[in-house]
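To keep things clear, I will list the structure first and then write my remarks on it.
Atoms considered below: every heavy atom in the structure, side chains included; atoms not considered: hydrogens, waters and symmetry mates. Order of the sequence lines fixes the chain letters, A, B, ..., with proteins taken first and strands second; residue numbering starts at 1 for each chain.
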Protein chains: 2
Amino acid sequence: MNKGQVTITDIARELGISPSTVSKALHGHPDISVSTKVAVRDLAEKWNYKPDQIALSLQSGLSKIIGVIVPEIVHYFFSTVISGIEDLAHDSGYHVMFCQSNESYEREVKSVNTLLSCRVDGILVSLSKGTHEFDHFNKIRRNGIPLVFFDRICCEIETDRVVVDDEAGACEAVKHLINSGCRNIVHLSGPQYLQIGKNRKEGYLRAHDELNLPVDNNNIIRCDTPEETRLVVPELLKRANRPDGFFAVNDLTAAAAMSVIKESGLRVPEDILLVGFTSGMISDITSPTLSSVEQHGYQMGREAVRLLIDRLEKNRESPYQTVVIKTELVVKESSVCCNNKY
Amino acid sequence: MNKGQVTITDIARELGISPSTVSKALHGHPDISVSTKVAVRDLAEKWNYKPDQIALSLQSGLSKIIGVIVPEIVHYFFSTVISGIEDLAHDSGYHVMFCQSNESYEREVKSVNTLLSCRVDGILVSLSKGTHEFDHFNKIRRNGIPLVFFDRICCEIETDRVVVDDEAGACEAVKHLINSGCRNIVHLSGPQYLQIGKNRKEGYLRAHDELNLPVDNNNIIRCDTPEETRLVVPELLKRANRPDGFFAVNDLTAAAAMSVIKESGLRVPEDILLVGFTSGMISDITSPTLSSVEQHGYQMGREAVRLLIDRLEKNRESPYQTVVIKTELVVKESSVCCNNKY
DNA sequence: ACAATCATTTCAAACGTTTGCGGAACTATT
DNA sequence: AATAGTTCCGCAAACGTTTGAAATGATTGT
């Protein structure tokens with residue numbers, strides 16, 4: 001009508017009744033006569049009345065907003081997680097407000113404060129690499145706001161969590177390499193101060209252990225970027241006992257390794273088998289396509305939201321849960337070789 | 001303290017003064033005595049008082065929230081744009097609430113309603129593929145809320161816009177191929193009902209035109225996914241006059257084309273040169289690395305926010321602007337060949 | 001001494017909504 | 001005709017904040 005959105009008071013004025021009557025009519029309160037209800041609803045419909053979320057929030061103390069903090073959106077994995085968060089949140093009547101920490105502790109703390117002052121109902125966090133101090137999370141708890149960690153969790157804080165089954169995925173991947181005939185598998189590993197780096201290495205070790213094969217510690221190489229790969233892998237290929245398989249901590253590294261291997265005149269998968277981690281676009285565009293461990297980011301996002309909303313709307317005091325998302329080995333061309341030696 | 005956040009009233013009660021005095025003291029209002037100011041500020045500091053954004057919003061009618069609607073976050077390009085939006089918005093004291101349309105008209109309309117009921121101060125939109133009806137955008141305007149389109153703009157609605165200089169980028173890329181010796185360049189093109197598909201084809205045509213070379217219409221092929229590429233490109237390579245260059249509408253397609261070419265025994269860049277579009281991670285992990293046109297998504301995001309905040313905080317009635325982000329050809333290995341024939 | 005001036009503080013309204021309680025106007029019961 | 005019971009509606013407070021206007025108390029001027 002005039003300017004901005006229609007309010008309950010506009011409708012009341014037009015109908016010559018009080019705002020409270022309009023509110024009750026809209027909510028089907030039994031006190032209100034049928035004729036008034038009809039009149040109010042018709043006019044609300046006609047004027048396209050939508051309740052003001054902000055006023056509702058102030059009134060109820062609930063914002064219906066979920067805050068999300070991720071290290072970076074530009075990562076394929078995180079954008080799939082966000083996608084899952086967004087979808088389930090919207091379907092449940094919540095809005096999503098998100099912040100990037102850009103892997104920096106200071107920005108993470110700032111993001112927490114931002115979300116807190118917005119009075120979000122709950123917060124979802126994946127830790128930044130730079131965070132080794134956790135008091136800002138205690139502050140969230142002190143404010144009585146539920147917190148759920150996903151992927152990069154914080155062990156120091158007791159709360160709901162969603163993690164991916166890294167170790168099992170890594171183990172499955174390495175067993176697959178072993179069963180395909182590899183006996184000299186290099187693990188291009190991530191930093192060991194991050195849980196994911198540690199877990200994936202554990203999986204590599206456990207696979208060897210369970211299949212009763214020895215592990216050569218020289219085969220565990222700290223290398224998780226394409227740049228490092230171009231430096232490190234050529235050396236590995238020159239070894240007397242050349243590696244016959246690579247298990248990389250992420251797909252970018254795996255793809256770079258593939259390039260290096262092919263440039264050196266060796267073939268994938270005929271000479272060397274290769275498996276990556278975090279199956280995404282990348283694994284489809286390499287040649288041959290790259291076997292990889294799928295992390296189901298979308299599902300992880302939904303699960304985190306579900307955990308949060310459960311706590312918000314059901315019993316706030318129920319015991320904390322940790323949901324484990326199963327990984328899945330997606331076998332493509334880079335690890336399938338017919339001339340199995342065993 | 002007790003529960004939840006500290007309010008201005010808590011401070012007032014503690015100090016035995018009225019809430020309005022606290023508010024004024026916090027704002028440095030000249031009416032308030034220095035001693036009171038000091039007392040209030042000290043206690044606010046001690047109790048870590050943060051003003052309630054929701055109450056402020058209700059009061060001022062301003063939410064300090066920017067709504068964003070994108071087709072999908074999982075695209076590298078869009079996630080870089082979002083990253084830029086988020087960074088500048090936060091630095092300017094705004095929060096970001098975002099929605100995905102998932103390329104669906106219905107979800108786009110729903111997202112608009114969501115953002116409107118949240119009373120966002122302004123909205124940033126990149127059109128979904130499924131949107132051919134624009135009345136929901138007029139509704140935003142009728143509510144007096146500024147609107148900025150970015151990347152996938154809507155020509156039917158007069159408003160601020162940020163676009164990328166697709167055509168110039170495509171033209172530069174193709175000229176680069178021509179100048180590197182190509183005389184038979186295939187364009188793997190996108191759908192022509194999307195502006196980007198059209199613009200990039202125009203760039204291809206203009207490059208030929210400006211360098212006085214004829215265009216063979218058989219060289220313009222509708223193909224913009226890896227799957228299509230694997231079907232289409234092998235045929236092209238069998239032609240009598242085999243293409244000596246490819247310009248693809250996106251990097252995924254370009255990368256897939258590279259695989260197909262190499263599998264057929266031809267070499268990149270020795271036999272065939274290759275340029276893609278939307279320089280991202282992908283262009284670094286192919287072998288050889290892929291020349292591509294950088295779209296500066298991060299900068300586009302910042303620019304869109306700047307436009308919106310300018311309108312919000314400066315003159316709301318100033319004439320609409322269209323900002324063009326320059327593209328940039330990033331030459332890597334796939335298009336650099338020493339045995340230039342000319 | 002009385003008013004005018006000043007510094008400091010509080011009041012009250014406003015933003016849009018919800019909701020318990022009280023009230024008016026009926027109807028029904030005695 | 002008085003009481004009790006219905007039915008329908010409005011009042012007012014509350015959420016946390018801002019802000020112009022009004023109030024308070026003290027000081028100054030004549």
Side-chain angles (χ1 to χ4, degrees), chain A residues 1-41 43-44 47-65 116-121 143-144, chain B residues 1-41 43-44 47-65 116-121 143-144:
Chain A
M1 220 60 341
N2 29 11
K3 81 274 169 177
Q5 300 276 83
V6 180
T7 75
I8 230 170
T9 324
D10 295 331
I11 295 179
R13 199 178 310 118
E14 174 77 8
L15 261 31
I17 58 181
S18 80
S20 42
T21 306
V22 175
S23 170
K24 284 172 185 165
L26 255 14
H27 285 80
H29 194 292
D31 268 5
I32 305 301
S33 70
V34 177
S35 60
T36 308
K37 276 181 187 161
V38 171
V40 168
R41 283 177 178 163
L43 188 60
W47 281 3
N48 191 30
Y49 166 78
K50 288 276 179 332
D52 184 331
Q53 292 297 326
I54 291 178
L56 285 179
S57 298
L58 183 61
Q59 232 275 134
S60 64
L62 262 31
S63 63
K64 286 280 175 179
I65 297 180
L116 246 29
S117 85
C118 284
R119 294 283 195 275
V120 295
D121 289 346
N143 275 302
Chain B
M1 226 58 340
N2 28 11
K3 81 274 169 174
Q5 300 277 84
V6 180
T7 75
I8 231 171
T9 323
D10 294 332
I11 296 179
R13 198 179 308 117
E14 175 77 8
L15 260 32
I17 57 181
S18 80
S20 40
T21 306
V22 176
S23 170
K24 284 174 184 165
L26 255 13
H27 286 79
H29 195 292
D31 270 5
I32 305 301
S33 71
V34 178
S35 61
T36 309
K37 278 181 187 163
V38 171
V40 168
R41 283 176 178 164
L43 188 58
W47 281 2
N48 191 30
Y49 166 77
K50 288 277 179 329
D52 184 331
Q53 291 297 327
I54 291 179
L56 285 180
S57 297
L58 184 60
Q59 232 271 136
S60 64
L62 262 32
S63 62
K64 286 277 175 182
I65 298 180
L116 246 28
S117 85
C118 284
R119 293 282 195 278
V120 295
D121 290 346
N143 275 303

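Between A:V40 and A:I17, some side-chain heavy-atom pair lies under the 4.5 Å cut-off. Between B:D52 and B:Q5 there is no side-chain heavy-atom pair separated by less than 4.5 Å.
A donor-acceptor pair under 3.5 Å is absent between the side-chain atoms of A:S23 and the main chain of A:P19, judged by distance alone. In this structure, the side chain of B:H27 does not engage the main chain of B:H29 through any donor-acceptor pair within 3.5 Å.
With hydrogens and angles left out, the side chain of B:K24 and the base of C:dT10 share a donor-acceptor pair within 3.5 Å.
Within residues 49-63 of chain B, the residues having any heavy atom under 4.0 Å from DNA chain D are, by residue number, B:Y49, B:P51, B:D52, B:A55, B:L56, B:Q59. Residues from residues 25-36 of chain A lying near DNA chain D, meaning a heavy-atom separation below 4.0 Å, are A:D31, A:I32, A:S33, A:T36 in numerical order.
Residue B:P51 comes nearest to B:L56 through the heavy atom pair CB-CD1, 4.0 Å, listed as atom of the first residue, atom of the second, then distance. Of all non-hydrogen atoms in A:S63 and A:S57, the two that sit nearest each other are CA-OG, 3.5 Å. Annotation for A:Y49 and A:L26: closest pair CE2-CD2, 3.8 Å, computed over non-hydrogen atoms.
Taking 4.0 angstrom as the limit, A:S20 places none of its side-chain polar atoms (N or O) nearer than this to OP1 or OP2 of C:dT19.
Taking CD1 from A:I32 and OG from A:S20, the interatomic distance works out to 7.5 Å, rounded to the nearest 0.5 Å.
When rounded to the nearest whole Å, the span between CD1 of B:I8 and C1' of C:dT10 equals 14 Å. In this entry the distance linking CD1 of A:I17 with P of D:dC8 reads 14 Å, nearest Å.
Of the two residues near DNA chain C, B:P19 and A:T9, the one whose nearest nucleotide lies more 5' is B:P19.
Counting any heavy atom pair closer than 4.0 Å across all strands shown, B:T7 reaches sugar-phosphate atoms only and no base atom.
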